[in-house]
Colleague: 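Structure in structure tokens, see below.
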Amino acid sequence: MSMIGTRSSPASTTGLNPGGVVQFLVLLLFLLAVRSGESQSLTLRELSLVVLQEDESRFVGEPTGLAQLANGGFLVSDRRNGVIHEFRPDGAYVAARGRRGTGPLEWESGPHSLHLADASTLFVSDGGRVVQVSLPDWKPVRVLAKPTGTSLLVAATPVTVVFSRVDGASRTSLLSVDVATGARTVGGPWTSQLSRGSVAVAQMMSFSGGTVLPDGRLAVAIQHSDSLYVGPFVGGPFERVNIPVGARRGARVDLVGAVRDDNPASVERAVYQSSSPETMGVLDRSGKVAIVFNDYTMRNRRMTSALRVSMVDVTARRACPDVSVPVPADPRPIAAVANGKLLVVVQEELPTGELRTVIRQFTLQPAGCA
Amino acid sequence: MRFTSAALASVLLMATAACGSDAAVQAHRLTDGRAVGQLVEADSLSIVLVYPLAMCYSCSPSHSRWEEVAARTGAALHLVLDATPDTADRRVLAFQRIRVSGVLAATELTERVVPSELLFKRGKLVASAIGREQVSSKQLWMVAHNVFP
């Protein structure tokens, strides 16, 4: 400030010294830039840890899905044991839900991801089908066959589930299905840079996340795009919000461009060396959403995953660069966004050698970026 | 119909066992110096699975299917891996409560005996499936319903 005063011209009679104004503006821009650089960040604040009650007969072998119930309890799907474990909010074991099999409350190849449409409606992704369950009595309602080439994205309402799919023209789109009537509508699409053959080989369609916003619109993130898409999609336009790349690898469209159908390794590179959205959820009524990305690494042919999280203010069309979620990458952590928090089920080894499964809970605190 | 299929599978698998490739599996050394066949106790029902370390034990129904047979029949279940698990592998196996009975000592024959599944009754081999094709056919699992009580 003293420099501005020193360099002000004594000849100025209006008080508007051109040189001083320029310098002032330069300084203002500098301060704004510094402030912007400092404030465009997201920090995670860890809340209480929930240690899940396990023993040799009831344990979480390989978590594949996570959800939080209306009563604060947790559901953890476990592919190793072929059940969904239900825990109280304090981690006490409630029950193992379902078992391996092909019946209404049986899991063929999972269970995998868990999607709560409301407090009493749960959709469970299980290989080639989706099982709808009524809570809290765990009564199976219906079993849906997944349409060919799709994966379950979100339970939009208790009667509507949305799948992401890639069609024969290499376009990624959304398929909305009325579970009661079976009526289908298609929205999107985004141009996919992979052919359907490549996508099918790589099962890329599963790498997408979606959530329903407070105003009823759908927010969707897809692999190989660093944007969040918001819209009704079906029969309407959609908006696009860029999500700056922070800690994550990003969409890596260069790898997608290098894909050749006759070269499976090129498909693998495109799919596993780019960040993939795993899940997302609404944080508050204003339309802020958290998006969780996976950065995968194959280790001894086992998938490990470094979790990253970003926050997007859909209303203001701003987003925070993603930050790392401080949890181990191996065994693979599974995340969910529920009740305004980021939840992660983590299998961890204590310094004593004790193995345990915990739910780690974080709040997201943006500073200026969302 | 089911019995006929199982019986036919029994004959096929017993014939395979008679060919001697199961002998190669049983004789194959573990890293601790024992032979695979020495894992089996004389007075018990035993299931020996020789699987790759890199197999996804949660995705594959094979291991869990045999766990269910072992739980139902009281058979001892032995898992033998084709490579030594490192620290991270051991941690994942421990989380999944998958117990490893031994690791094959690498020889030129190792590749030919992985994967294998062998059923023993009172210490004697009663059926086996050797090689990826046989192991994935589920025939041995059907046989298990007949040869195990």
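So you know, we letter chains A, B, ... as the sequences are listed, proteins then strands, and number each from 1.
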Colleague: Partners of A:D78 by salt bridge (Lys or Arg N to Asp or Glu O under 4.0 Å), sequence neighbours excluded?
Modeller: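 Partners of A:D78 by the salt bridge (Lys or Arg N to Asp or Glu O under 4.0 Å) criterion come out as none, since no residue qualifies.
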Colleague: Within the supplied structure, the quantity of interest is the number of heavy atoms (other residues, nucleotides, ligands) at a distance under 6.0 Å from A:R58 CZ; does it exceed 12?
Modeller: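 Yes, because the 6.0 Å sphere around CZ of A:R58 holds more than 12 heavy atoms from other groups.
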Colleague: Which region of A:E108, side chain (C-beta onward) or backbone (N, CA, C, O), has a non-hydrogen atom less than 4.5 Å from a non-hydrogen atom of chain B, or is it both or neither?
Modeller: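 Contact with chain B is absent: no heavy atom of A:E108 under 4.5 Å.
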Colleague: Please output the residues of residues 95-104 of chain B in contact with chain A, using a heavy-atom cutoff of under 4.5 Å, in numerical order.
Modeller: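 Near chain A, by residue number: B:F95, B:Q96, B:R97, B:I98, B:R99.
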Colleague: Hey, is CZ on B:R122 packed in by over 12 heavy atoms from elsewhere, all under 6.0 Å?
Modeller: no
Colleague: Does the side chain of B:L53 come within less than 4.5 Å of A:R302's, by heavy atoms?
Modeller: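 The answer is no, as the side chains (C-beta and beyond) never meet within the 4.5 Å cut-off.
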Colleague: At a 4.5 Å cut-off on heavy atoms, which part of A:R356 comes close to chain B: side chain, backbone, both, or neither?
Modeller: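 Only the backbone of A:R356 comes within 4.5 Å of chain B.
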Colleague: Under 4.5 Å, heavy atom to heavy atom: which of residues 27-42 of chain B reach chain A? Give them by number, or say none.
Modeller: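 Residues in range: none.
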Colleague: Run the side-chain contact (heavy atoms from CB on, under 4.5 Å) test on B:C56 and A:R79 for me, step by step, so that the C-alpha distance in whole Å, both residues' side-chain angles and the decisive distance to 0.1 Å come before the verdict.
Modeller: CA-CA 11 Å; B:C56 171; A:R79 183 166 63 174; 4.0 Å; yes
Colleague: What closest approach, in Å, do B:R91 and A:D330 show between heavy atoms, and which atom pair accounts for it?
Modeller: NH2-O, 3.3 Å
Colleague: How would you list, in number order, the residues of residues 93-106 of chain A that have a heavy atom less than 4.5 Å from chain B?
Modeller: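 When heavy atoms of chain B are the reference, residues 93-106 of chain A contributes A:R100 within the under-4.5 Å range.
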Colleague: Given that the side chain runs from C-beta out, which part of B:D89 has a heavy atom under 4.5 Å from chain A: side chain, backbone, both or neither?
Modeller: both
